[in-house]
Amino acid sequence: MQDYESVKLLSEYLLMHYGKDEERMPWVIGGIGSLDFVSRTVEYFSPKRVGLSLDLGCAVGRTSFLLTKTSKKVIGIDFSQSFIDAANTLKEEGSIAYKMHEEGERWVDAVAELPPEVDPEKVRFAQGDAMDLPAGFKGFDRVHASNLLCRLPDPLAFLDSLPGMLADGGELVLATPFSWLEQYTPKEKWPQGDSWEWLQQQLEPHFELVRDSDEPFIIREHGRKFQLGVSKVSLWKKRAS
Ligand SMILES: C[S@@+](CC[C@H](N)C(=O)[O-])C[C@H]1O[C@@H](n2cnc3c(N)ncnc32)[C@H](O)[C@@H]1O
């Protein structure tokens with residue numbers, strides 16, 4: 001079973017995407033600046049309005065919903081059926097009840113709610129594999145892939161598929177903490193040397209780098225354990241082919 005099918009990770013990601021600040025980080029020391037990573041990556045896109053956006057590895061959907069603010073239509077794809085089911089419940093009902101892990105056997109009732117000013121009608125969520133998308137997945141104005149790359153079995157093959165998905169002039173936001181783990185990516189598929197240099201080398205033939213920065217993110221595991229990471233987030237514009 002994929003980790004992302006587990007009830008525990010569903011809870012962690014619902015909390016990360018929709019939880020209250022004090023639930024996600026109850027300690028005043030450290031970490032507050034790491035909240036809202038899932039909103040910050042979407043803000044890398046230019047403010048202009050576009051037609052069609054694709055959110056790969058959308059998890060429980062917050063970024064897909066946020067993309068509706070500037071997109072006519074958004075498709076959110078994730079490998080995990082339970083994440084997609086939760087995103088669809090949020091789309092249909094505007095909220096979803098879940099349990100937040102406090103400690104040991106103690107779980108606390110929580111409710112995730114849609115962020116304001118989004119249009120759930122514009123989003124379609126589907127379970128799918130970012131490495132094996134339908135042939136018709138091309139001509140997108142925007143592709144968002146946040147913290148997905150180092151969860152894939154063949155990151156280079158995924159990067160190679162991106163130019164085919166985007167329209168000329170289309171925007172790509174890629175976020176990754178370069179957390180290479182054999183559990184997801186066989187070692188022979190890990191980049192050699194500096195991962196950020198490798199990523200730029202792979203994308204530059206087809207994309208122009210617009211901006212990049214380091215963005216912290218935090219995932220609450222239980223009331224006294226937090227996973228803090230720092231993603232390299234980059235905005236790219238597809239060159240004319
Ligand atoms: C580290 S999480 C990041 C989720 C979300 N983008 C965020 O920033 O909160 C990785 C996500 O990618 C999904 N995923 C892993 N492999 C995938 C694949 N081959 N195709 C689509 N989604 C995948 C997982 O189910 C999970 O939701």
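Counting starts at 1 for both ligands and their atoms, in listed order. For clarity, every value in this text was computed on a predicted model and none was experimentally measured. The chain is numbered in sequence order, starting from 1.
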Are [X] and [Y] close enough that a side-chain donor and a side-chain acceptor fall under 3.5 Å?
| X | Y | value |
| --- | --- | --- |
| Thr41 | His144 | yes |
| Glu92 | Asn88 | no |
| Ser234 | Asp212 | no |
| Ser82 | Glu5 | yes |
| Glu221 | Gln227 | yes |
| Trp180 | Ser195 | yes |

Ligand-side contact atoms (ligand 1) for residue partner [X], heavy atom cut-off under 4.0 Å:
| X | result |
| --- | --- |
| Asp129 | 18 (C), 19 (N), 20 (N) |
| Gly128 | 20 (N), 21 (C) |
| Ser146 | 3 (C), 5 (C), 6 (N), 8 (O) |
| Phe83 | 27 (O) |
| Ser80 | 25 (O) |
| Gly57 | 4 (C), 5 (C), 6 (N), 12 (O), 22 (N) |
| Ala59 | 4 (C), 5 (C), 27 (O) |

ask   = Is the Tyr13 to Tyr98 ring centre distance short of 6.0 Å?
value = no
ask   = On the ring face of Tyr44, is Arg211 found with NZ or CZ under 6.0 Å from the centre and within 45° of the axis?
value = yes
If you measure from each non-hydrogen atom of [X] to ligand 1, which part falls under 4.0 Å: side chain, backbone, both or neither?
| X | answer |
| --- | --- |
| Thr41 | neither |
| His17 | side chain |
| Thr63 | neither |
| Phe217 | neither |
| Tyr13 | side chain |
| Tyr4 | side chain |

ask   = Checking side chain to side chain contact (heavy atoms under 4.5 Å, CB included) against Arg151, which of Asp3, Thr185, Leu181 comes through?
value = Leu181
task = Report the residues that fulfil side chain to side chain contact (heavy atoms under 4.5 Å, CB included) with Ser46, sequence neighbours left out, ordered by chain and then residue number.
result = Lys48, Arg142, Glu171
Hey, is ligand 1 close enough to [X] that some N/O pair sits below 3.5 Å?
| X | result |
| --- | --- |
| Met131 | no |
| Phe37 | no |
| Ala130 | yes |

Closest to atom 23 (C) of ligand 1 among Leu9, Asn147, Ile219, Leu148 (heavy-atom distance) = Leu148
ask   = Are more than 12 heavy atoms from other residues, nucleotides or ligands located less than 6.0 Å from atom CZ of Arg124?
value = no
query = Contact between Asp78 and ligand 1, counting heavy atoms under 4.0 Å?
reply = yes
